[in-house]
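What follows is a short report on a single structure.
Chain naming here is simple, since letters A, B, ... match the order of the sequence lines and numbering starts at 1 in each.
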2 protein chains.
Amino acid sequence: MKIDSGACMYTISDVAKLLGITAHTLRYYEKEEIIAPIRNANGERVYDDSNLAWLRFVMRLKQTQMPISQIREYAQLYLEGVHTTQARLNLLEDHRNSVQDQIRNLTATEKVLNDKIAAYKNFINKGTGIR
Amino acid sequence: MKIDSGACMYTISDVAKLLGITAHTLRYYEKEEIIAPIRNANGERVYDDSNLAWLRFVMRLKQTQMPISQIREYAQLYLEGVHTTQARLNLLEDHRNSVQDQIRNLTATEKVLNDKIAAYKNFINKGTGIR
DNA sequence: AATTGACTTAGAGTAAACTCTAACCTATAT
DNA sequence: ATATAGGTTAGAGTTTACTCTAAGTCAATT
């Protein structure tokens, strides 16, 4: 069913397009208890702006290597209410540490690659056996 | 068979320990044509320092999200000799671009997490429904 | 009224990267 | 001599995260 535009409601394929993923994947995330959009009279999923904001944050977590299981854990803590605030904060801080580790690791690798690339450019076509 | 220490030769479990992976994984990498150590009279793998240096670089590539298939491609280009130098350089430059993208993405996520963590700390135990 | 297109479900299939098992071999230690 | 601690192989199994299929529903267009 098409949704009245301007009402801040989106079909599953609208959201898929906006996030650059498929509707299949969105249903999978629902099965994994990461998101639970409401349904219209016809049983179809209806996403609102808060769903979209949450999913955009989920995509960030995913892109920075948080596993689905941990994203689900965070989502479920949120559903359990205010008494899980500290647990959620801990989870966010753990992930920030992981993100900072990854940045350090990537920066070190960037340097290694820069050196190797420079060596390749320097000796290219001279058969010096760089690896 | 134990290897004479000081000779710069390592058994599969030596290497596994040094890299923080299992011997199983090292055999898997060999099946995937990422490394081919020599064998001793007994058919056992013997790794030298150049094997170790290559594997350390492989671990870097892996930690920065290069898939096994691409690492194998690079390893095979090296085996094919000097005429693949340009191809290897291209591969390294592509991966450097990927590394730089990842750093940008992680840095942006770090900022988002910092803001969220600050908001959680600010409003903790006040029931303001932060997600 | 029938076709089209987008949605629904349960569940099967896939790809990547391990991870493990079973059966066997071999050198050193008791 | 035998037990133990390592190594070997082929191949099966596992985990994660999708990805797809089949059969069906529903609303809007022709």
Side-chain angles (χ1 to χ4, degrees), chain A residues 1-5 7 9-48 51 55 57-76 95 98, chain B residues 1-5 7 9-48 51 55 57-76 95 98:
Chain A
M1 208 194 285
K2 209 162 274 180
I3 279 174
D4 171 40
S5 72
M9 286 153 65
Y10 313 93
T11 65
I12 194 164
S13 56
D14 289 340
V15 175
K17 256 163 239 156
L18 287 166
L19 299 179
I21 60 179
T22 67
H24 287 306
T25 303
L26 280 167
R27 290 189 202 101
Y28 164 70
Y29 289 164
E30 195 169 334
K31 196 156 56 184
E32 291 296 316
E33 295 167 280
I34 282 172
I35 187 164
I38 58 157
R39 302 297 181 110
N40 66 16
N42 204 10
E44 293 170 5
R45 292 162 179 86
V46 178
Y47 297 80
D48 65 15
N51 291 153
L55 283 170
F57 184 56
V58 167
M59 295 319 281
R60 266 208 176 290
L61 296 178
K62 276 199 50 57
Q63 280 158 16
T64 56
Q65 321 305 319
M66 187 185 282
I68 292 287
S69 58
Q70 218 171 117
I71 299 175
R72 173 179 45 235
E73 201 180 319
Y74 184 76
Q76 291 189 340
H95 189 58
S98 153
Chain B
M1 209 194 283
K2 210 160 271 179
I3 279 176
D4 170 39
S5 71
M9 285 155 62
Y10 313 93
T11 66
I12 194 164
S13 55
D14 290 341
V15 176
K17 257 162 237 154
L18 287 166
L19 299 179
I21 60 178
T22 68
H24 287 305
T25 304
L26 279 167
R27 292 190 201 99
Y28 164 71
Y29 288 165
E30 195 170 333
K31 197 158 56 185
E32 292 296 319
E33 295 167 281
I34 281 172
I35 187 165
I38 57 157
R39 302 297 181 109
N40 67 14
N42 204 10
E44 292 171 8
R45 292 163 180 84
V46 178
Y47 298 79
D48 65 14
N51 291 154
L55 283 170
F57 184 55
V58 168
M59 297 317 283
R60 264 206 180 292
L61 296 178
K62 275 199 50 57
Q63 280 158 15
T64 57
Q65 322 304 319
M66 187 186 281
I68 293 287
S69 58
Q70 218 170 119
I71 299 175
R72 173 180 45 235
E73 201 179 319
Y74 184 75
Q76 292 189 339
H95 188 58
S98 152

* Just checking Arg27(A): base, sugar-phosphate only, or nothing, at a heavy-atom cut-off of under 4.0 Å? -> base
* Counting heavy atoms from C-beta on, name the nucleotide in dC7(C), dG6(D), dT9(D) closest to the side chain of Ser13(B). => dG6(D)
* Report the residues that fulfil salt bridge (charged side-chain N to carboxylate O under 4.0 Å, His left out) with Glu30(A), sequence neighbours left out, ordered by chain and then residue number. => Arg39(A), Arg45(A)
* Quick one: side chain to side chain donor-acceptor pair (under 3.5 Å) partners of Tyr29(B), sequence neighbours excluded? -> none
* Has the side chain of Thr25(B) got a donor or acceptor atom that lies under 3.5 Å from a matching backbone atom of Ile21(B)? -> no
* **Length of the OH-P vector between Tyr10(A) and dC7(C), whole Å** => 15 Å
* To do: Go through dC7(C), dA17(C), dT9(C) for me and flag the one nearest to the Pro67(B) side chain.
  => dA17(C)
* Atom CG of Asp14(A) and atom P of dG5(C): how far apart are they, to the nearest Å? -> 17 Å
* Backbone N or O of Asn42(B) within a donor-acceptor pair of the Asn40(B) side chain at under 3.5 Å? -> yes
* To do: Starting from P on dA15(C), measure out to CD on Gln70(B) and report it in whole angstrom.
  => 18 Å
* To do: Could you encode protein contacts along nucleotides 18-30 of chain C as a string, one character per nucleotide from 5' to 3', using B for base contact, S for sugar-phosphate-only contact and - for no contact, with a heavy-atom cut-off of under 4.0 Å?
  => BBBB----SS---
* List for me each residue that meets side chain to side chain donor-acceptor pair (under 3.5 Å) alongside Thr11(B), sequence neighbours excluded, and say none if there are none. => Ser13(B), Asp14(B)
* Asked: How many Å lie between CD1 on Ile3(A) and P on dC26(D), as a whole number?
  -> 17 Å
* **Arg45(A) CZ - dC26(D) P separation (whole Å)** => 15 Å
* Asked: OP1, OP2 of dT16(D) versus side-chain N and O of Ser69(A): anything below 4.0 Å?
  -> no
* Asked: Partners of Arg72(A) by salt bridge (charged side-chain N to carboxylate O under 4.0 Å, His left out), sequence neighbours excluded?
  -> Glu32(A)
* **Partners meeting side chain to side chain donor-acceptor pair (under 3.5 Å) with Glu73(A) (sequence neighbours left out)** => none
* To do: Measure from CD1 on Ile12(A) to C1' on dT25(D) and round the result to the nearest Å.
  => 16 Å
* Roughly, in whole Å, what's the span from CD in Glu32(A) to P in dA17(D)? -> 8 Å
* Nearest-Å distance, OH (Tyr47(A)) to C1' (dT8(C))? -> 12 Å
